[in-house]
Amino acid sequence: MAERIRMANDRIVEINSLVKRFGELTALDEVSFNVNKGEIFGLIGPNAAGKTTTLRILATLLLPTSGRVRIFGYDVVEEASKVRRLISYLAEDAGTYRNLAGYEYLSIVARIYFRSKRDIEEAVEEAVRISGLGDRIMDKMKTYSKGMKRRIQVARALMTRPKIAILDEPTAGLDVFHAQHVRDLIKRHISNGGSLILSSHNMLEVEHLCTRLAFIHKGRIITEGEPEEIKVMYGASNLEEAFLEVLKR
Amino acid sequence: MRGLRPLVEKEVKNLLRDPRIYIGLIIPIIMFPIIGFVISMTTSQAMEAAREKIKVTIIDEDGTEASERFISLLSDSGLNVTVSAKSLDEAIKSADKLGSKALLVIHRGFEESLKRFGRVNIEIYSVIRSVGFKSMGVQAAVSNVLKRTSEILSSTLISRVAPDVDPEVLRNPLNVTEYSVVKGKIVHAPSGSIFGQLMIGHGVLVPMILFVLSMTVTQIAATATAVENEEKTLETLLTFPVSRYDILLAKLLGSSVVAALGGVIFAAGFVLYFQTCFSGIGLEFGVGGLLTELPPPPSLSYAILIVSLILAILFVTSLGVVIGALSSDVRIASSLLSVITIPVLLPSLLIVYGSVDSLPLALRILVYAMPTSYPMIMAKEIILTPMPMQVIYGIPYSAALTLIVLYAASKILTPEKLLTLQYKIKLRRMKKERRWELE
C-alpha cells in the first residue's frame with residue numbers, strides 16, 4: 001500500500017472525465033479535478049449541482065457511469081474495500097442510532113477501524129474531546145439536538161485518522177458557535193497530516209477554510225483554483241461574487 | 001470479519017433498548033398465562049356451578065307414586081326441586097322468577113309406561129340467562145343428573161325382571177380395554193390419547209415456537225435493517241471498512257440474539273399457559289404424560305430438533321434482513337414481510353396436518369426446499385423415528401441456504417442497486433394504491 005501511496009505522490013485524489021447518469025438525468029458531466037496531500041479541497045455549488053453525487057462516488061457508495069476515480073492510486077470501483085480503509089465519509093444528512101449512547105457509538109466505530117486496545121482507547125478519547133459533548137456523551141443519541149448529532153458525526157469521521165476525510169456539508173444546520181468548532185476541527189485534521197474534501201453552499205465559509213476549490217454547476221466543473229486566485233480571475237471581492245460572475249460568463 | 005463483533009454489539013444494544021422490541025418480546029410471557037388463567041378460571045367456575053344445588057322446576061302431569069319417586073331421586077341426586085302445578089307457560093314464568101335453571105315436564109302415563117317396560121317421555125326446558133362456561137356447566141350438570149337417574153331406573157327395572165343379572169353387564173355386554181403398541185412397547189392407553197399427546201407435546205409446541213418466533217424475529221430483523229435506511233445511518237455504515245456480507249450477517253446475528261431471548265420468554269410463557277390452562281381441569285396424565293410411558297428418544301434427537309429449529313428461524317430471519325435492506329422505510333418493510341414469510345412458512349403446515357410422502361411431487365419438493373419444514377418433520381417423527389434422514393440432510397442444507405441468501409443480499413447492498421430496487425418497489429406500491437383509489 002505504501003508503494004501505491006508513493007506512486008500517487010502528492011496527488012491523492014484523481015478524478016478524470018467522471019460521468020454519472022441516473023436514467024435520463026446527467027448528474028455529473030465530464031467532471032475532472034485532483035486533490036493534493038494536505039489540502040482542504042472545497043466543492044462549491046448550488047443545490048443539485050452534483051456535489052453530493054461526486055462525494056458519494058469518492059466514498060464508494062455510488063458507481064460512476066464512466067470516467068475514472070482514484071484515491072491514493074486505488075480505483076474506487078475495482079478496489080473499493082482498500083479505498084474504504086483510507087477514507088471516512090460524513091453524509092450531509094447522516095443519522096444516528098437512537099438507542100446508543102454517543103460514547104458507545106464512537107467506541108463501536110473505533111473497534112471497526114483499529115485492532116489494538118490502545119489505538120481504540122486513544123481514538124475514542126480523541127473523538128469524545130473533539131465532539132465537545134462533555135457528560136452528554138454518555139446519553140442516548142435520541143436525546144441529542146441536531147447540532148450535537150452533527151458534532152458526534154464529525155468526531156466519528158475524524159477520529160479514525162483517515163488519509164482523506166470526505167465531508168458533505170459538514171456545518172449544515174449548525175449554529176455559528178458549533179460551525180466554528182467544526183471548522184477548527186477540520187483545520188486541526190490538516191495540521192495533523194490529513195487531507196480533506198468537503199462540499200458546501202456556504203461560499204464565505206469555504207473562502208476562509210479551503211486551500212483549493214472547484215465551482216460545480218449542473219454537473220460540470222466551471223472553474224477550479226485557490227480562493228484568492230479565483231477572486232482575482234473574476235475581479236470579485238468574495239467567492240459568492242466570483243461564482244455569480246462565472247455563471248454570467 | 002474484524003468488524004463483525006462490534007457490529008453485532010451495535011445491533012443487540014440498539015434492538016434491546018428499543019421499547020417497541022421489548023413490547024414484542026414481553027407480550028407472549030404476559031399473554032399466554034393470562035389466556036391460560038382465563039380458561040382455567042371459567043372452567044373452574046363451570047365445575048363449581050355444576051357442584052352447587054341447581055334449582056329446577058318440575059311439572060308433574062302424572063302425579064303417581066312412580067313420578068313422585070322419580071322427583072325424589074332427582075332431589076337426592078343434587079337438584080333443588082320445586083314442583084309446579086301450573087300450565088307450561090305459567091311454569092316457565094315462575095321458573096324464571098325462582099331462578100330455576102331448567103323446567104322438567106313429566107307427562108301423564110309415566111308410571112304406566114314404566115310398568116309396561118316402555119320408554120317414558122320427559123321434556124326439559126333449559127332456562128338460558130347468559131352464554132358462558134358457567135351456564136354450559138349448569139346445563140351439563142342437569143343432563144348428568146337425568147342420565148344418572150335414568151340408569152337407576154333402568155337398574156331397578158332389570159332387577160325386577162332378572163334379579164340374578166348385573167344390570168351394568170346387560171347394558172354394556174362388551175368390556176373393551178384399549179392398548180397401543182409403539183415401537184414394540186405396549187402402552188396402557190387408547191391410540192387416540194397417544195395421538196393427542198403427540199400432537200400437543202410436539203405437533204403443536206414446535207410449530208407454535210417456529211411460527212411465533214419466526215414472525216417476531218423476521219419483523220425485528222427487517223425493521224432493524226429498514227431503520228438504517230430510514231434514519232440515514234446505512235450510508236455511513238456502508239463506507240466503513242467492513243464487507244457488506246458482514247453488515248448483513250451482523251443484522252442476522254444481532255436479531256438472533258434478541259430472538260434467543262424472545263425464545264426463552266416465549267417458551268416460559270407457553271409452559272405457563274399450559275400449566276394454568278390445564279391444572280384444575282383434572283387432565284389425568286398432564287401434557288406429554290402418556291409419552292413418559294414410551295422409551296424416550298435419544299438426547300441427540302432433541303439436539304437435532306433444536307438445531308433444525310434454530311436454522312429454520314435463522315433462514316426466515318435472513319429473509320427479514322433482505323426485506324429490510326430492500327425497503328426504504330419500516331412501513332414498506334412491514335408490508336413486504338407477510339408477502340414473503342407466510343408463503344415460506346405455509347409448506348411446513350402440510351407436515352403438521354398430513355404426511356409428506358402422500359403429497360404430490362411438486363408439493364413434496366416445495367416442503368423439502370424450505371428449511372422451516374425440517375423441525376416440523378423432526379417434531380412429528382421424534383417419538384417414532386429418532387433420526388429421520390431427511391432432517392439430517394436438511395441441517396447443512398438449511399445452513400447453506402441461509403448463507404446463500406445473505407451472500408446474495410450482500411451483492412445488492414450497494415446504494416446504487418438499493419436505490420434502484422427501492423424506487424421500483426415504491427413505484428409499484430404507488431401504482432397499486434392509485435388503482436385501489438380508482439376502484
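Because only heavy atoms are used, hydrogens play no part in the values below, and waters and symmetry mates are left out as well, while side chains stay in. Computed from a predicted model, the values in this text were never measured in an experiment.
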My understanding is that only residues two or more places apart in sequence, or in another chain, count here; which of them pass side-chain hydrogen bond (donor to acceptor under 3.5 Å, both in side chains) with A:H178? A:R151, A:D175
Checking A:K140, A:K142, A:R98 against B:R17 for side-chain contact (heavy atoms from CB on, under 4.5 Å), the one that qualifies is A:K140
Is it true that atom CZ of B:F240 has more than 12 heavy atoms of other residues, nucleotides or ligands lying nearer than 6.0 Å? yes
Compare every heavy atom of A:R84 with every heavy atom of B:V242, then report the nearest pair and how far apart it is. O-NH1, 4.4 Å
Shortest non-hydrogen pair, A:I108 vs B:P6, comes out as CG2-O, 3.6 Å
Value rounded to 0.5 Å, distance of NZ in B:K10 from OH in A:Y105: 8.5 Å
Identify the heavy atoms of A:R111 and B:R5 that sit nearest to each other, and give their distance. NH2-C, 4.4 Å
Filter on side chain to side chain donor-acceptor pair (under 3.5 Å), then keep only pairs touching residues 120-130 of chain A, sequence neighbours left out; what's left? A:R118-A:E122, A:E126-A:R129
Quick one: what part of B:E228 sits under 4.5 Å from any heavy atom of chain A, side chain, backbone, both or neither? side chain
I need the B:T236 OG1 to A:Y97 OH distance, nearest 0.5 Å. 7.5 Å
Please name the pair of heavy atoms, one in B:T239 and one in A:A59, separated by the smallest distance, quoted to 0.1 Å. CG2-O, 3.6 Å
B:E235 vs A:R56 side-chain heavy atoms within contact, under 4.5 Å: yes
Supply the atom-to-atom distance B:T233 OG1 to A:Q153 CD, rounded to the nearest 0.5 angstrom. 9.0 Å
So which part of A:T96 gets closer than 4.5 Å to some heavy atom of chain B, the side chain, the backbone, both or neither? backbone
What part of A:V109 lies closer than 4.5 angstrom to a heavy atom of chain B: side chain, backbone, both or neither? side chain
Gap separating the CD atom of A:E92 from the NZ atom of B:K232, nearest 0.5 angstrom: 10.5 Å
Can you measure from OG1 (A:T60) to CG (B:L238) and round to the nearest 0.5 angstrom? 8.0 Å
In Å, rounded to the nearest 0.5 Å, how long is the span from NZ of B:K13 to CD of A:E104? 4.0 Å
